[in-house]
Number of protein chains: 2
Amino acid sequence: MPNRSDRVDEVFKALADPTRRRVIERLVSGPASTSDLAEPFDMALPSFLQHLKVLENAGLVTSEKSGRTRTYQLSPPGLDAAQGWLADQRRVWEQRLDQLEQFLTRKQTP
Amino acid sequence: MPNRSDRVDEVFKALADPTRRRVIERLVSGPASTSDLAEPFDMALPSFLQHLKVLENAGLVTSEKSGRTRTYQLSPPGLDAAQGWLADQRRVWEQRLDQLEQFLTRKQTP
DNA sequence: CGAACGGTTAGGCATTGACCTAAGTATTGC
DNA sequence: GCAATACTTAGGTCAATGCCTAACCGTTCG
């Protein structure tokens with residue numbers, strides 16, 4: 001059973017590759033088939049398929065096969081995992097800066 | 001010369017490892033020395049140093065050596081790169097959903 | 001000064017990741 | 001039915017990653 005950290009792990013790992021990020025960038029504007037997605041890339045199809053698998057595994061995209069074509073689409077909850085972690089860090093960071101500022105202010109005007 | 005995609009690449013790659021994320025999580029609450037950061041991890045120091053190098057390379061942290069201790073601190077612009085990319089995708093995604101909604105609405109009440 | 005401390009460098013080994021080619025399977029169109 | 005289409009599976013290479021131990025360097029303290 002994958003815990004939260006594992007999930008975040010896979011999402012960031014998936015986003016760490018430029019090919020996969022370009023796929024996401026393509027999918028935000030709407031669903032597409034395997035070969036549509038593969039077309040812009042100078043890469044053998046099996047290699048490209050692996051990237052799609054990584055994305056699907058990370059929960060960033062979903063796919064469905066109908067006939068002989070498979071269609072992919074974005075799965076926003078996947079991106080949420082990454083955004084969530086980043087937002088958490090920023091929250092703590094800003095809270096700390098606030099405390100620091102308060103501390104410095106009090107020090108100056110006691 | 002690293003372009004934008006390379007930078008985003010390194011940031012996501014850096015964040016893809018749980019050890020490195022825990023270091024960030026530690027650093028958001030304030031600077032710390034190498035050994036302070038290393039202490040919670042059951043790992044040889046040289047191995048841990050590599051993680052710190054990855055984080056610094058990605059621009060997520062900065063460090064400064066004084067005497068024999070090196071102090072690390074968070075560098076928020078690094079996290080911005082990741083947040084920026086994610087925010088861009090969400091923006092396009094939401095714009096597309098809006099257009100889709102408009103399309104469906106018009107179709108229903110022409 | 002000399003030992004202990006904090007960090008660094010060098011090198012090695014195992015696993016994973018990104019790519020490939022070749023050969024499959026399951027639709028679909030003529 | 002047979003060929004083309006759209007993916008899939010199997011296997012193989014090569015570089016990058018994550019970890020280790022051993023040995024080293026500069027700083028501080030008794």
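In what follows, chains are A, B, ... by sequence order, proteins preceding strands, each numbered from 1.
- Taking atom CG on A:D42 and atom C1' on C:dC19, their separation rounds to 12 Å, with Å as the unit.
- Closest-nucleotide positions on DNA chain D for B:V54 and A:S35 were compared, and the one nearer the 5' end corresponds to A:S35.
- The side chain of A:L49 lies closest to D:dT9, out of C:dT8, D:dT9, C:dC20.
- Between B:D9 atom CG and C:dG17 atom C1' the separation is 13 Å, expressed in whole Å.
- Phosphate proximity of C:dG17 to A:H51: absent, as no side-chain N or O sits under 4.0 Å from OP1 or OP2.
- A pairwise comparison of heavy atoms in A:A82 and B:L86 identifies CB-CD1, 3.8 Å as the closest pair.
- Side chain to side chain, A:R70 and A:S63 meet the donor-acceptor criterion of an N or O pair below 3.5 Å.
- Across the protein-nucleic acid pair, A:F48 atom CZ and C:dG17 atom P stand 18 Å apart, rounded to whole Å.
- B:R70 has a side-chain polar atom (N or O) that falls below the 4.0 Å cut-off from OP1 or OP2 of C:dT8.
- Taking atom NZ of residue B:K65 and atom P of nucleotide C:dT9, one finds them 8 Å apart after rounding to whole Å.
- Using a 4.0 Å cut-off, no side-chain N or O of B:K53 falls inside it from OP1 or OP2 of D:dT17.
- Atom-to-atom, CZ of B:R68 to C1' of C:dT9 comes out at 19 Å; the value is rounded to the nearest Å.
- An OP1 or OP2 oxygen of D:dT5 is reached within less than 4.0 angstrom by no side-chain nitrogen or oxygen of A:T69.
- A salt bridge does not link A:R26 to A:D36: none of the charged side-chain nitrogens sits closer than 4.0 Å to a carboxylate oxygen.
- Atom-to-atom, CG of A:L55 to C1' of C:dA18 comes out at 14 Å; the value is rounded to the nearest Å.
- Within the structure, a side-chain polar atom (N or O) of A:R20 is placed less than 4.0 Å from OP1 or OP2 of C:dA18.
- One atom, CG of B:D17, and another, C1' of C:dT15, lie 14 Å apart when rounded to the nearest Å.
- In this structure, A:Y72 is a member of the same hydrophobic cluster as A:V23, with clusters built from ILVMFWY side-chain heavy atoms closer than 4.5 Å.
- What separates CD of B:Q50 from C1' of C:dT15 is a distance of 14 Å, to the nearest Å.
- Between B:R7 and B:D80 there is no salt bridge, since no side-chain nitrogen of the basic residue lies less than 4.0 Å from a carboxylate oxygen of the acidic one.
- Between B:T34 and C:dG6 there is no side-chain polar atom (N or O) within less than 4.0 angstrom of OP1 or OP2.
- Each of A:L45 and A:K13 was matched to the nucleotide of DNA chain C holding its nearest heavy atom; the match closer to the 5' end belongs to A:K13.
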